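Let me begin by presenting the structure, written as structure tokens, before commenting on it.
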Amino acid sequence: MMVTMELTHLTMYMSAEFIKENKIADLYELDQHAGNIIPRLYLLITVGVVYIKSKECSRKDILQDLVEMCRGVQHPLRGLFLRNFLLTSTRDVLPDVDDTSADTGTVDDSIDFILLNFSEMNKLWVRMQHQGHSRDRTKREQERLELKILVGTNLERLSRLEGVTVSKYQNHVLPAILKQLINCKDSIAQEYLMDCIIQVFPDEFHLKTLDIFLDTCCQPQGAVNVRNILISKIGRLSNYAQADPNNIPEDIKLFEIFSGKVTQIIQSRTEMPPEDILALQSALIKLALNVYPTETGYVDQVLQNSFNIFEEDKSRAKGCSSELSRMLRVPVDHYQDILTILQLEHFTPLFSFLDHRVRKELCVYITEHVIQSDTYIDSHDQVDLFLTMMACLISDQPDQPKEPEDPEDFEIQQSLVGRVVHQMTSSVPDQQFLILNMCKKHLLNGGDKRIQYTLPSLVFRAMELCRVYFELREEDEKWEKKVCKILQYINSLLSALVKAEYWDLALRLFLQSALICDLMGIQTAETIAYEFVSRAFAIYEEEVSDSKAQLVAISLIIATFERTVNFSEENHEPLRSQCLRASSKLLKKPDQCRAVSLCAHIYWSGKNRENEGSAMNETKRVLDSMKKAVRISNQCMEPSVQVQLFVELLNKYIYFLDNGCTDVTQAMISQLVGKIRDDMPGLEAGEATNQIVQHFNSTLAYIKSKHGMEFPAS
């Protein structure tokens with residue numbers, strides 16, 4: 001480095017001194033008589049550059065003389081640095097015009113000079129590989145990689161010549177480079193130089209010479225990583241086309257050219273690793289997406305080729321699930337639309353080459369994409385394709401591991417399936433019912449462990465469809481029959497949950513479905529609603545054994561029944577009687593008290609068809625229920641629980657008084673307040689007692705503000 005810097009100063013000195021005295025030719029001649037060849041050639045190059053600048057001799061002749069004299073150094077390392085010095089020293093004096101009449105030379109002379117220098121440097125660089133002992137092979141390869149830029153500089157200098165046109169590049173420059181590249185038969189040189197060609201020359205040049213370059217890619221040594229070369233080439237032209245679609249002429253079928261060559265290379269290189277095959281196919285997909293975004297057929301063609309390759313030799317697919325998954329994610333990320341993915345005929349078949357874990361991860365990824373992009377799948381055929389694609393999430397697979405899956409991961413995955421059901425929506429009600437049936441067909445294959453997460457979504461989607469038909473009842477004469485079919489559909493889903501022994505979930509959905517049936521207001525729907533409520537009662541009586549769960553369940557049943565409006569008296573009476581009987585049979589007295597007091601609401605605000613939507617307002621039955629609740633609370637042995645129940649019942653009495661129940665009198669309220677005050681002093685001090693006192697005082701304050709009633713302390 002220091003020597004070249006000093007030689008640069010020498011050049012400046014000679015340019016100032018010797019040119020004036022016209023002695024540069026003599027100095028050039030004298031220098032050739034120096035004893036040692038390496039110093040002689042460095043000095044000769046230095047003097048030669050000054051000689052060219054003096055314009056005393058033909059530039060072409062001097063350049064030819066210098067490049068030929070450098071053949072005298074055949075030591076690889078010394079020769080490389082010498083020729084690199086020649087190239088850098090002459091960079092400002094190379095002719096760059098296309099005028100053949102010029103005495104100073106033309107751009108063709110510069111091309112020949114650089115190509116000859118490149119050829120010799122490449123030979124020296126390759127020769128380094130074959131010097132020394134075989135045990136030092138790795139060390140030599142590392143040294144060569146460190147020196148590769150010296151050879152590549154020749155190509156970079158060629159690309160900077162403005163006189164190098166597309167025609168010259170196509171007919172002269174590239175063939176000469178490729179000839180040297182093939183003849184050297186060195187994998188390191190071939191891979192590096194092909195990458196240099198891709199990087200240093202303009203995109204327009206690559207387009208015109210695409211066939212020549214790709215044909216050469218089939219010829220390098222087997223150790224050459226053709227994958228990296230092709231991916232780099234595809235990426236370069238893909239970015240060029242993406243910058244401006246008009247950059248690619250219509251007569252150049254970019255995708256078809258690359259696809260054909262890639263297929264040819266894969267077929268000819270049977271030893272090519274599957275990872276390399278998939279990397280090439282991924283690059284082709286990206287090319288198709290960037291250059292031909294509307295041509296989904298190109299993407300599907302790549303997927304088909306990939307499928308055929310692995311189908312012919314399934315051993316190639318082993319161990320490359322991650323690479324195949326990455327390839328399949330490329331169109332998913334680009335399109336952001338599951339409907340377009342479903343149009344790719346060969347997308348789903350490639351799933352068969354993924355191992356179970358990677359396949360499931362990909363399904364989760366696609367499902368999350370559908371939810372996040374808020375894409376709606378609006379036909380039952382598309383739903384069928386999508387759920388078939390998601391099979392490893394929906395049902396057990398033959399290749400899944402025998403050990404149980406992590407419960408938390410399993411729950412997350414099945415919750416995703418439940419959420420994606422809401423993306424399967426059509427604006428046409430009849431089509432929506434077909435979609436729901438298709439979902440049912442697939443999701444029921446999930447087994448008992450999955451349906452608790454997936455079927456509720458279907459039930460609520462079916463309920464929503466019932467409301468849609470109800471709103472369209474003036475336009476669709478067959479709406480009642482269609483609603484009945486949907487209700488039967490819901491019943492079949494809930495029966496599956498009952499069979500799988502998800503009692504609590506089934507009970508809640510039966511009650512919710514009963515409300516939907518009641519909303520329809522038709523005779524057939526009433527029959528189904530009665531069936532739903534009765535099945536909820538059956539679950540409560542036969543399957544719910546925990547006392548807390550029993551109170552929650554009967555409270556839900558009572559609340560649901562209180563909201564119904566279209567039951568006939570014939571069906572309404574046995575159901576409300578059953579609610580009261582079930583409440584009275586609860587194991588714990590506090591639970592009995594609370595449930596019985598809830599039944600009072602059925603007799604007050606409950607509705608049936610005979611009342612034409614008006615509240616029943618049966619004051620006597622309300623009062624009977626409240627008195628029974630008071631009697632039950634008197635049977636509680638725990639003082640704090642008893643007082644708490646009294647306070648709750650006091651609030652119930654106030655509610656009915658506020659809403660016009662004439663049988664509830666101020667005397668009843670005063671009597672209950674007195675009872676609470678009598679029992680309050682006997683409670684043990686504590687947080688629970690403080691809450692009871694606060695609740696009671698708040699109730700008294702409300703009574704005073706609302707009804708003007710005061711209860712002086714005794």
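From a predicted model like this one, the values you see are computed outputs, not experimental measurements.
Residues Asp333 and His369 have side chains that bring a donor and an acceptor to within less than 3.5 angstrom of each other.
Contact detail for Leu94 and Phe113: the closest heavy-atom pair is CD2-CD2, 3.6 Å. Counting all heavy atoms, side chain and backbone alike, Glu250 lies closest to Lys253 at O-NZ, 3.4 Å. Minimum heavy-atom separation, Gln301 to Ser259: NE2-OG, 3.4 Å. Considering every non-hydrogen atom in both Leu210 and Leu237, the closest pair reads CD1-CD1, 3.8 Å. Here the closest non-hydrogen pair linking Val332 and Leu328 is CG2-O, 3.4 Å.
Judged by distance alone, the side chain of Ser232 and the main-chain N or O of Asp195 form no donor-acceptor pair under 3.5 Å. With hydrogens and angles ignored, the 3.5 Å screen pairs no side-chain donor or acceptor of Arg91 with any backbone N or O of Arg157. The backbone N or O of Val358 sits nowhere less than 3.5 Å from a side-chain atom of Ser321 that would complete a donor-acceptor pair. In terms of modelled atom types and a separation under 3.5 Å, the side chain of Asp337 and the main chain of Thr375 share no donor-acceptor contact. Glu120 places no side-chain N or O within donor-acceptor distance of the main-chain N or O of Arg71, the cut-off being under 3.5 Å. No side-chain donor-acceptor contact under 3.5 Å links Asp300 to the backbone of Thr296. Panel note: side chain Arg359, backbone Leu354; a donor-acceptor pair is recorded below 3.5 Å. At distances below 3.5 Å, at least one donor-acceptor pair connects side-chain atoms of Thr367 with backbone N or O atoms of Cys363. Side chain of Arg83 to main chain of Met121: no donor-acceptor pair is present (N/O by atom type, distance under 3.5 Å, no hydrogens or angles). Looking only at distances, a side-chain donor or acceptor of His206 sits under 3.5 Å from a matching main-chain atom of Ile198.
Atom CG of Leu63 is separated from atom CG of Asp112 by 11.0 Å, given to the nearest 0.5 angstrom. Atoms CG and CG, on Leu303 and Leu344 in that order, are 6.0 Å from each other to the nearest 0.5 Å. Distance check: Arg329 CZ to Leu362 CG gives 6.0 Å after rounding to the nearest 0.5 Å. Taken to the nearest 0.5 Å, the OG1 atom of Thr46 stands 10.0 Å off from the CG atom of Leu86. Atom OG of Ser238 is separated from atom CG of Asp203 by 11.0 Å, given to the nearest 0.5 angstrom. Between the CG atom in Leu115 and the NE2 atom in His172 there is a gap of 5.5 Å [rounded to 0.5 Å].
Annotation: side chain of His75 is not in contact with side chain of Ile38 (no heavy-atom distance under 4.5 Å). Looking at heavy atoms from C-beta onward, Ile229 lies out of side-chain contact with Lys233 at the 4.5 angstrom threshold. Within the 4.5 Å cutoff, the side chain of Ile341 has heavy atoms near those of the Met389 side chain. Under the 4.5 Å side-chain criterion, counting only non-hydrogen atoms from C-beta, Phe118 is in contact with Leu193. Looking at Leu393 and Leu416, their side chains never come closer than 4.5 Å, going by heavy atoms from C-beta outward. Residues Leu155 and Ile114 are not in side-chain contact: their nearest non-hydrogen atoms beyond the backbone lie 4.5 Å or more apart. Under the 4.5 Å side-chain criterion, counting only non-hydrogen atoms from C-beta, Met194 is in contact with Thr216. The shortest distance between side-chain heavy atoms of Gln190 and Cys184 falls below 4.5 Å.
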Show, in sequence, the C-alpha distance, side-chain angles and deciding distance for Arg144 and Glu141, and conclude whether the salt bridge (charged side-chain N to carboxylate O under 4.0 Å, His left out) test is met. CA-CA 5 Å; Arg144 288 188 64 199; Glu141 289 180 352; over 6 Å; no
I would like to know whether Gln74 and Arg127 meet side-chain hydrogen bond (donor to acceptor under 3.5 Å, both in side chains); could you show each step before the answer? CA-CA 10 Å; Gln74 290 299 311; Arg127 195 182 301 159; 3.1 Å; yes
Any chance you could lay out the side-chain contact (heavy atoms from CB on, under 4.5 Å) test for Leu214 and Leu230, step after step, and finish with the verdict? CA-CA 8 Å; Leu214 293 179; Leu230 288 175; 3.5 Å; yes
Decide yes or no on side-chain contact (heavy atoms from CB on, under 4.5 Å) for Ile197 and Phe213, but give the supporting numbers first. CA-CA 9 Å; Ile197 293 171; Phe213 184 86; 4.1 Å; yes
Stepwise, does the side-chain hydrogen bond (donor to acceptor under 3.5 Å, both in side chains) test hold for Gln180 with Asn122? CA-CA 8 Å; Gln180 174 59 218; Asn122 189 51; 3.0 Å; yes
Take Glu405 and Lys360 through the test salt bridge (charged side-chain N to carboxylate O under 4.0 Å, His left out) and record every step on the way to the result. CA-CA 12 Å; Glu405 193 172 2; Lys360 181 170 286 188; 3.1 Å; yes
Trace of the side-chain contact (heavy atoms from CB on, under 4.5 Å) decision for Ile45 with Leu82: CA-CA 9 Å; Ile45 293 170; Leu82 175 65; 3.8 Å; yes
What's the verdict on side-chain contact (heavy atoms from CB on, under 4.5 Å) for Leu289 and Tyr335, showing C-alpha distance, side-chain angles and the deciding distance? CA-CA 9 Å; Leu289 294 173; Tyr335 288 125; 3.3 Å; yes
Show which side-chain atoms of residues 160-167 pair as donor or acceptor with protein atoms under 3.5 Å away, not counting sequence neighbours.
from: Arg160; atom 1: NE; to: Glu156; atom 2: OE2; distance (Å): 2.1
from: Arg160; atom 1: NH2; to: Glu156; atom 2: OE2; distance (Å): 3.0
from: Thr165; atom 1: OG1; to: Lys168; atom 2: N; distance (Å): 3.3
from: Ser167; atom 1: OG; to: Asn171; atom 2: ND2; distance (Å): 3.3

Quick one: side chains of residues 273-285, donor-acceptor pairs under 3.5 Å with protein atoms, not counting sequence neighbours, listed by atom name and distance.
from: Asp276; atom 1: OD1; to: Arg227; atom 2: NH1; distance (Å): 3.1
from: Gln281; atom 1: NE2; to: Ser306; atom 2: OG; distance (Å): 3.4
from: Ser282; atom 1: OG; to: Leu278; atom 2: O; distance (Å): 2.9

I'd like a table of donor-acceptor pairs (distance under 3.5 Å, sequence neighbours excluded) in which one partner is a side-chain atom from residues 239-246, with atom names and distances.
from: Asn239; atom 1: ND2; to: Gly235; atom 2: O; distance (Å): 3.1
from: Asp244; atom 1: OD1; to: Asn246; atom 2: N; distance (Å): 3.1

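For Lys286, the NZ atom is loosely surrounded, since the number of other residues' heavy atoms within 6.0 Å does not exceed 12. No more than 12 heavy atoms of other residues, nucleotides or ligands lie within 6.0 Å of CG in Asn36, so this atom counts as exposed by the packing criterion. Counting non-hydrogen atoms of neighbouring residues, nucleotides and ligands closer than 6.0 angstrom, the CD atom of Glu345 reaches no more than 12 such neighbours. Counting heavy atoms of neighbouring residues, nucleotides and ligands inside a 6.0 Å radius, atom CD1 of Ile149 does not exceed 12 of them.
Among residue pairs with one or both ends in residues 241-269, those qualifying as ring pair (Phe, Tyr, Trp, His ring centres under 6.0 Å) are Phe255-Tyr298; sequence neighbours excluded.
Among residues two or more places apart in sequence or in another chain, the side-chain contact (heavy atoms from CB on, under 4.5 Å) test is passed with Asn308 by Gln304. In this structure, the ring pair (Phe, Tyr, Trp, His ring centres under 6.0 Å) partners of Tyr169, at least two apart in sequence or on a different chain, are Phe201, Phe205.
Note on Asp109 versus Arg59: no salt bridge recorded, every NZ/NE/NH1/NH2 to OD/OE distance being 4.0 Å or above. Using a 4.0 Å cut-off between charged nitrogen and carboxylate oxygen, Lys261 and Asp211 do not count as a salt-bridge pair.
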